[in-house]
Amino acid sequence: MKCGSYRLIKKSFQCKARLGRVYTARGVIDTPVFMPVGTQGTVKGVATEYLKSSGAQIILANSYHLYLRPGTEIIKKAGGIQKFNSWNKPMLTDSGGFQIFSLNDIRKLSEEGAEFRSHIDGSAHFFSPESSMRIQKDIGADIIMCFDECTPYPAEYKYAKESMELSLRWAKRCKTEFYKDNAFETQALFGIIQGSVYDDLRKQSALEMTDMDFTGYAIGGVSVGEPKEEKEKVIEIVEPLLPENKARYLMGVGMPEDLWEGVERGIDMFDCVIPTRNGRNGQVFTSRGKLNIRNAEFREDFSPLDPECNCPACKGYSKAYLNHLVRAQESLYLSLLSLHNIYFMVNLMSKIRKSLENDTFLEAKKEFFDKYYKRQS
RNA sequence: GGGGGUGUGGCAGAGUGGUCUAAUGCACCAGACUGUAAAUCUGGCGGGCUUGCCCUUCGGUGGUUCAAAUCCAUCCGCCCCCA
């Protein structure tokens, strides 16, 4: 089976949701799937063995960050990123395209690529579609992404159009570079659809990207500050234009509610820093909504974070204790809360897949939302 | 016994006649975070309401002054040095 290929197992009769599988040399991924983000080759605060225990199937890493440190040579020598961090399972790397957005102040964009001033030491580093491909090949992720510009939000139509078209031209260059050798036997290249919140731009991007025939397709340029409705509309515009036999990946999403909305609209893959970042900031996701464990109401709450969760934090510790760890700035909470949130997202996706098997997706979604928002209302 | 210093909001600590409900930090109370420059950032933190004002605060009391955390007197507490 070609790396990164998608097999559709079942389509929901209720909505666009799909149950499927993505094949890679390092394992099969059941979709819909949530992919934890490990920018620097590590999911922040979570030891690999715990990450495995969560049931996570694939994790991300970032080209820009790993290229700067430790450098691709070391990762190559280590035998690839999966061996380097001892994950030994499927990984996906982002191309550096998101850094064009997030490191806006320390980069210069041109037709050729993007020059970054290293956030570590200020040195200049030029990223092009070609160099991004080489970096990602060296890092050795199973799925790699086209180098694109993650269009900021809000963006004027003119800017969004030029940005989207630039990403299209870059995608062509990525493809050429990627297929120069036989890397595609062990790696897959996904294209990224841009176009901000403009329907015609999204359609044009989707059409031209699919013409280029990538192994999978991502929707990028979302979750950059736009309202929830805009994000959902983007999926609705793009999804019908994507081939059924390829994976669809919604980049940078998201919150638990976003995962339901995304799956319902036909998305197979998600990634997000939310579980780890929010965990480090004390925010915890539970079946009864999100809460901030730092808050006073948990000082003497000796129950677990989520009675439905079987993660180490929930199995071993009370809210009161976790509250104490956060207040005392004890580093253990970083790990425990990040891990809990990853368990939550991974379990949520597993629940979603099960509901698709049973043809009860919409019922499961309603049940989830009723419970999840009860606390907040 | 002699000499010197000091007392400020939960804590530490600025301020030494009006611009002081009083800097700053911590603590405390909340909120945000979406392909990670984030264990970060933002707001609040005396009381009242008509949200602009009013009332009450800088150890106690009493003064000086148009005006006092700030000056004076006195009392109380604490600290240091010498005996």
Side-chain angles (χ1 to χ4, degrees), chain A residues 34-46 58-66 68-69 91-107 116-122 132 136 141 143-153 167 190-194 218-228 230-231 249-259 261-262 267 269-285 290-299 323 325-338 341 345 376:
Chain A
F34 178 81
M35 310 183 282
V37 177
T39 305
Q40 309 211 60
T42 170
V43 175
K44 290 186 194 296
V46 181
I58 168 171
I59 61 174
L60 260 68
N62 183 278
S63 305
Y64 167 84
H65 290 273
L66 291 177
L68 286 182
R69 188 170 54 193
M91 286 191 67
L92 181 154
T93 41
D94 187 30
S95 60
F98 184 73
Q99 278 60 45
I100 294 178
F101 161 75
S102 66
L103 302 182
N104 179 263
D105 297 338
I106 53 171
R107 57 80 172 160
F116 291 98
R117 253 180 39 221
S118 161
H119 67 283
I120 300 167
D121 64 8
S132 177
Q136 294 189 78
I143 298 172
I144 75 172
M145 303 302 298
C146 279
F147 189 58
D148 66 335
E149 181 194 7
C150 176
T151 308
Y153 178 89
S167 288
F190 279 25
I192 305 175
I193 292 153
Q194 292 290 344
I219 299 175
V222 291
S223 288
V224 285
E226 78 287 355
K228 190 174 181 301
E230 292 281 12
K231 175 169 27 202
Y249 163 27
L250 187 64
M251 303 185 83
V253 173
M255 298 291 282
E257 55 271 33
D258 295 330
L259 301 182
E261 301 297 350
I267 300 297
M269 303 166 71
F270 302 85
D271 79 281
C272 196
V273 306
I274 278 283
T276 47
R277 179 185 290 169
N278 290 26
R280 290 196 305 282
N281 294 331
Q283 188 169 86
V284 165
F285 296 95
K290 56 184 184 183
L291 51 87
N292 195 313
I293 195 62
R294 162 184 8 108
N295 288 3
E297 61 175 308
F298 304 114
R299 273 191 124 128
N323 174 279
L325 292 182
V326 173
R327 285 171 186 265
Q329 288 295 301
E330 277 295 340
S331 57
L332 179 58
Y333 84 87
L334 299 168
S335 175
L336 253 19
L337 299 185
S338 298
N341 284 341
M345 299 295 177
Q376 289 156 14

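Order of the sequence lines fixes the chain letters, A, B, ..., with proteins taken first and strands second; residue numbering starts at 1 for each chain. Basis for what follows: all heavy atoms, side chains included, without hydrogens, waters or symmetry-related copies.
Comparing Gln283(A) and Ile106(A) along RNA chain B, the residue whose closest nucleotide (by nearest heavy atom) sits nearer the 5' end is Gln283(A).
Rounded to whole Å, atom P of U36(B) lies 14 Å from atom CD1 of Ile120(A). Rounded to whole Å, the distance from OH on Tyr333(A) to P on A38(B) is 15 Å. Whole-Å rounding puts the Asp94(A) CG to A37(B) P distance at 10 Å. Spacing between atom CD1 of Ile274(A) and atom P of A32(B) amounts to 11 Å, rounded to whole angstrom units. Atom-to-atom, CE of Met35(A) to P of G35(B) comes out at 11 Å; the value is rounded to the nearest Å. What separates CG of Leu337(A) from C1' of C33(B) is a distance of 15 Å, to the nearest Å. U34(B) atom C1' lies 8 Å from atom CZ of Phe98(A), rounded to whole Å. What separates CG of Asp105(A) from P of A38(B) is a distance of 14 Å, to the nearest Å.
Across Asn295(A) and Asn323(A), no two heavy atoms sit closer than the pair O-ND2, 3.1 Å.
Contacts of Gly221(A) with the nucleic acid, taken as non-hydrogen atoms under 4.0 Å apart, include base atoms. Among the heavy atoms of the strands lying under 4.0 Å from Gln194(A) is at least one base atom, whether or not backbone atoms are also near. Residue Leu92(A) is classed as having no contact, given no heavy-atom separation below 4.0 Å to the nucleic acid. Residue-level contact check: Leu103(A) touches the bases, meaning some heavy atom is under 4.0 Å from a base atom.
Looking at Thr93(A), its side chain never comes within 3.5 Å of a backbone N or O of Ser63(A) through a donor-acceptor pair. The closest donor-acceptor contact from the side chain of Asn278(A) to the backbone of Gln283(A) lies at 3.5 Å or more, if one exists at all.
Put simply, Asn62(A) has no side-chain N or O that comes within less than 4.0 Å of OP1 or OP2 on G35(B). Phosphate proximity of U34(B) to Ser223(A): absent, as no side-chain N or O sits under 4.0 Å from OP1 or OP2. At G35(B), none of the side-chain N or O atoms of Ser102(A) fall inside 4.0 Å of OP1 or OP2 (strictly under the cut-off). For U40(B), the OP1/OP2 oxygens have no side-chain nitrogen or oxygen of Arg277(A) closer than 4.0 Å. Note on Gln99(A): a side-chain N or O is less than 4.0 Å away from OP1 or OP2 of A37(B).
Residues meeting the side-chain hydrogen bond (donor to acceptor under 3.5 Å, both in side chains) test with Glu226(A), sequence neighbours left out: none.
Between His65(A) and Phe98(A), the distance from one ring center to the other does not fall under 6.0 angstrom.
In this model, no donor atom of one side chain and acceptor atom of the other lie less than 3.5 Å apart for Ser338(A) and Asn341(A). Side-chain atoms of Asp271(A) and Tyr249(A) form a donor-acceptor pair, as typed in the model, at a separation below 3.5 Å. Checked by atom type, the side-chain pair Arg277(A)/Asn281(A) shows no donor-acceptor distance below 3.5 Å. Under the 3.5 Å distance criterion, with hydrogens and angles disregarded, a donor-acceptor pair is assigned to the side chains of Gln194(A) and Asp148(A).
Nucleotides C71(B) and G1(B) place their C1' atoms 31 Å apart, quoted to the nearest Å. A68(B) and C55(B) have their P atoms separated by 13 Å, with the value rounded to a whole Å. Comparing C41(B) with U56(B), their P atoms sit 39 Å apart, to the nearest whole Å. A distance of about 16 Å separates the P atoms of U70(B) and U65(B), rounded to the whole Å. Comparing A39(B) with G46(B), their C1' atoms sit 33 Å apart, to the nearest whole Å. Rounded to whole Å, the C1' atom of A27(B) lies 26 Å from the corresponding atom of G77(B). When the P atom is compared between C82(B) and A12(B), the two are found 27 Å apart, to the nearest whole Å. Using C1' as the reference atom, C45(B) and U57(B) are 15 Å apart when rounded to the nearest Å.
In this structure, A73(B) and U61(B) make a Watson-Crick or G-U wobble pair, each of the two defining distances being under 3.5 angstrom. With both pairing distances under 3.5 Å, C41(B) is matched to G31(B) as a Watson-Crick or G-U wobble pair. Both distances falling under 3.5 Å, in either a Watson-Crick or a G-U wobble arrangement, place C78(B) opposite G5(B). Nucleotide C20(B) forms no Watson-Crick or G-U wobble pair with any nucleotide shown, as no partner meets the under 3.5 Å limit on both distances.
With hydrogens and angles left out, the side chain of Arg280(A) and the base of A38(B) share no donor-acceptor pair within 3.5 Å.
By the 6.0 Å contact criterion, CZ on Arg327(A) is enclosed, its count of non-hydrogen atoms from other residues, nucleotides or ligands being greater than 12.
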Just the atom pairs and distances: protein N or O near nucleotides 28-31 of chain B's N or O, under 3.5 Å.
{"residue": "C28(B)", "atom": "OP1", "partner": "Arg327(A)", "partner atom": "NH1", "Å": "3.3"}
{"residue": "C29(B)", "atom": "OP1", "partner": "Arg299(A)", "partner atom": "NH1", "Å": "3.3"}
{"residue": "C29(B)", "atom": "OP1", "partner": "Arg327(A)", "partner atom": "NH2", "Å": "3.2"}
{"residue": "C29(B)", "atom": "OP2", "partner": "Arg327(A)", "partner atom": "NH1", "Å": "2.9"}
{"residue": "C29(B)", "atom": "OP2", "partner": "Arg327(A)", "partner atom": "NH2", "Å": "3.1"}
{"residue": "A30(B)", "atom": "OP2", "partner": "Ala296(A)", "partner atom": "N", "Å": "3.2"}
{"residue": "G31(B)", "atom": "OP2", "partner": "Asn295(A)", "partner atom": "ND2", "Å": "2.8"}

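Comparing G35(B), C33(B), U36(B) by their closest approach to the side chain of Asp271(A) singles out G35(B).
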